[in-house]
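The sequence lines fix the lettering, A, B, ..., with proteins before strands; numbering per chain opens at 1. Computed over heavy atoms, backbone and side chain alike; hydrogens, waters and symmetry mates excluded.
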Amino acid sequence: MRAKLVFLGRLEDVAGRAGEDIAASAPLDWYDVIGWLGGHFPPELADAVVSEKVRVAINGALVADKYELVLADGDELAFLPPVSGG
Amino acid sequence: MRAKLVFLGRLEDVAGRAGEDIAASAPLDWYDVIGWLGGHFPPELADAVVSEKVRVAINGALVADKYELVLADGDELAFLPPVSGG
Amino acid sequence: MGNDVRLLAAAFDPAALLGAFTAELPHAGGVVSFLGQVRAGEGVEALELRHYEPLTLPAMCDLAKRVRGRWDLDGLLIVHRSGTMMPGEPIVLVAAAARHRRDAFAAADYAMDHLKSESWFWKRERRDGQWHWIEPREQDFEDIARWG
Amino acid sequence: MGNDVRLLAAAFDPAALLGAFTAELPHAGGVVSFLGQVRAGEGVEALELRHYEPLTLPAMCDLAKRVRGRWDLDGLLIVHRSGTMMPGEPIVLVAAAARHRRDAFAAADYAMDHLKSESWFWKRERRDGQWHWIEPREQDFEDIARWG
């Protein structure tokens with residue numbers, strides 16, 4: 001399967017880019033995704049996205065519990081840090 | 001002495017005109033003015049201006065207690081019904 | 001920027017006035033405006049506002065000073081029509097510019113409540129060819145009482 | 001009139017948008033607007049707002065629907081910039097038109113509080129040539145808590 005990761009706000013700076021394509025032999029759960037980030041990005045990125053304050057959306061729909069997510073072929077997974085306000 | 005009376009809002013309609021020059025041999029107090037109105041206008045005008053809701057201004061300054069006013073030469077006395085709001 | 005308070009006898013363009021007001025205030029984070037216009041479609045053919053020259057504009061200027069004293073504003077604009085207006089025509093425009101959004105909202109809201117209930121304007125409207133004087137509304141006194 | 005909700009990537013003219021909005025609403029007695037702009041004179045050289053296409057505009061449309069459900073409005077306009085803006089440039093314009101003044105004020109105020117604290121925008125500003133991300137402010141959570 002192939003999916004897309006999107007890094008919003010300051011996560012884009014931490015990742016060094018706005019998005020990344022991800023390929024795997026089977027659907028990925030949250031821990032698979034974190035492990036994959038750890039292997040492809042500076043460790044600060046995985047540290048940042050595991051924060052409670054970072055929400056995630058799949059294909060534009062917010063995920064209520066990110067620990068339950070399953071990333072399947074063609075999905076877009078967005079990492080959303082707190083919005084700035086003000 | 002000569003002074004000017006000004007009728008605002010619906011009082012202009014009751015008076016039939018927006019203002020009136022008044023002439024007298026001496027300064028006028030509130031009761032003199034009311035009496036004069038009674039002699040020169042329909043009785044509805046004097047009835048209307050004695051209402052507590054009608055305020056008065058002399059030369060653009062609101063009069064706190066109209067029963068105490070003295071109208072002197074060159075003064076302009078305005079009769080101000082309640083403003084409309086909304 | 002000082003207060004800009006105007007009593008106009010002829011029609012005005014609220015968008016142009018608001019654009020000019022804002023252009024002079026690049027330091028303000030927010031501008032809140034209120035535009036009141038003659039409502040169309042309710043059988044009112046025309047609205048007339050009468051004023052009393054020696055009182056009306058000075059009282060509007062006093063109100064502007066009170067508003068400036070109560071909130072931290074970068075600019076305040078109060079424009080009010082007198083005379084006869086047609087449905088859809090602007091009656092009043094208030095704009096408050098401030099560093100902080102809450103100040104701008106409160107100042108514009110307060111200015112409108114007090115303009116509506118305390119300003120020296122007498123209003124009548126024409127329906128079916130007949131002019132009718134408008135009485136004060138209870139709602140206006142309630143609005144103004146909010147400010148203590 | 002339906003809601004007019006726009007997410008714009010380029011500069012816009014708030015006075016022109018507001019004028020066009022109002023021109024279509026002669027039945028509304030009052031129009032309240034809020035314009036937010038990049039503050040000049042505080043050392044900010046530029047402001048950047050990033051958004052996420054699949055979330056940002058749909059959430060703005062949802063907010064507009066909530067506002068319309070809560071107050072009796074004749075029209076609602078919400079315009080928000082994304083991208084890079086210079087000092088003095090408009091960021092956001094909200095306008096609410098209503099028969100009653102209080103509804104228009106409350107609707108615009110509520111829309112701004114929720115746009116500011118809940119919208120999917122990430123903001124950074126450039127000072128002395130360096131970009132800095134902006135963190136959420138405590139004030140925004142207090143503003144939004146007012147609405148219960």
If you round to the nearest 0.5 Å, how far is CD of Q37(C) from CG of L47(C)? 12.0 Å
With only heavy atoms counted, which part of A108(C) is less than 4.5 Å from chain D, the side chain, the backbone, both or neither? both
Structural part of R99(C) lying under 4.5 Å from a heavy atom of chain D: both
Would you mind checking if R50(D) and E48(D) are paired as a salt bridge, meaning a charged N to carboxylate O distance below 4.0 Å? yes
Side chain from CB out, backbone as N, CA, C, O: work out which of these in V94(C) comes under 4.5 Å of a heavy atom of chain D, or both, or neither. neither
Does F105(D) have its ring centroid less than 6.0 Å away from the ring centroid of F105(C)? no
Between R146(C) and D109(C) (salt bridge meaning N to carboxylate O under 4.0 Å), is one present in this structure? yes
Pair E89(C) + R81(C), salt bridge at N-O below 4.0 Å: yes
Out of G30(D), A23(D), P14(D), return the one with the most heavy atom pairs under 4.5 angstrom to chain C. G30(D)
Against chain C, label V92(D) side chain, backbone, both or neither, depending on which of its atoms sit under 4.5 Å from a heavy atom there. neither
Name the option with the most non-hydrogen atom pairs under 4.5 Å to chain C; the candidates are G41(D), A28(D), A97(D). A28(D)
Identify which of L93(C), T22(C), V38(C) forms the greatest number of heavy-atom pairs closer than 4.5 Å to chain D. T22(C)
Scored by heavy-atom pairs under 4.5 Å with chain C, the best of A15(D), A40(D), P87(D) is A40(D)
Measure D113(C) against the heavy atoms of chain D and call it side chain, backbone, both or neither at under 4.5 Å. both
Considering only NZ, NE, NH1 and NH2 on the basic side and carboxylate oxygens on the acidic side, decide whether D103(D) and R101(D) come within less than 4.0 Å. no
Using a 6.0 Å distance limit plus a 45 degree cone around the ring axis, check whether R124(C) lies over the aromatic ring of W131(C). yes
Largest heavy-atom contact set with chain D, pairs under 4.5 Å, which of V32(C), I91(C), L18(C): V32(C)
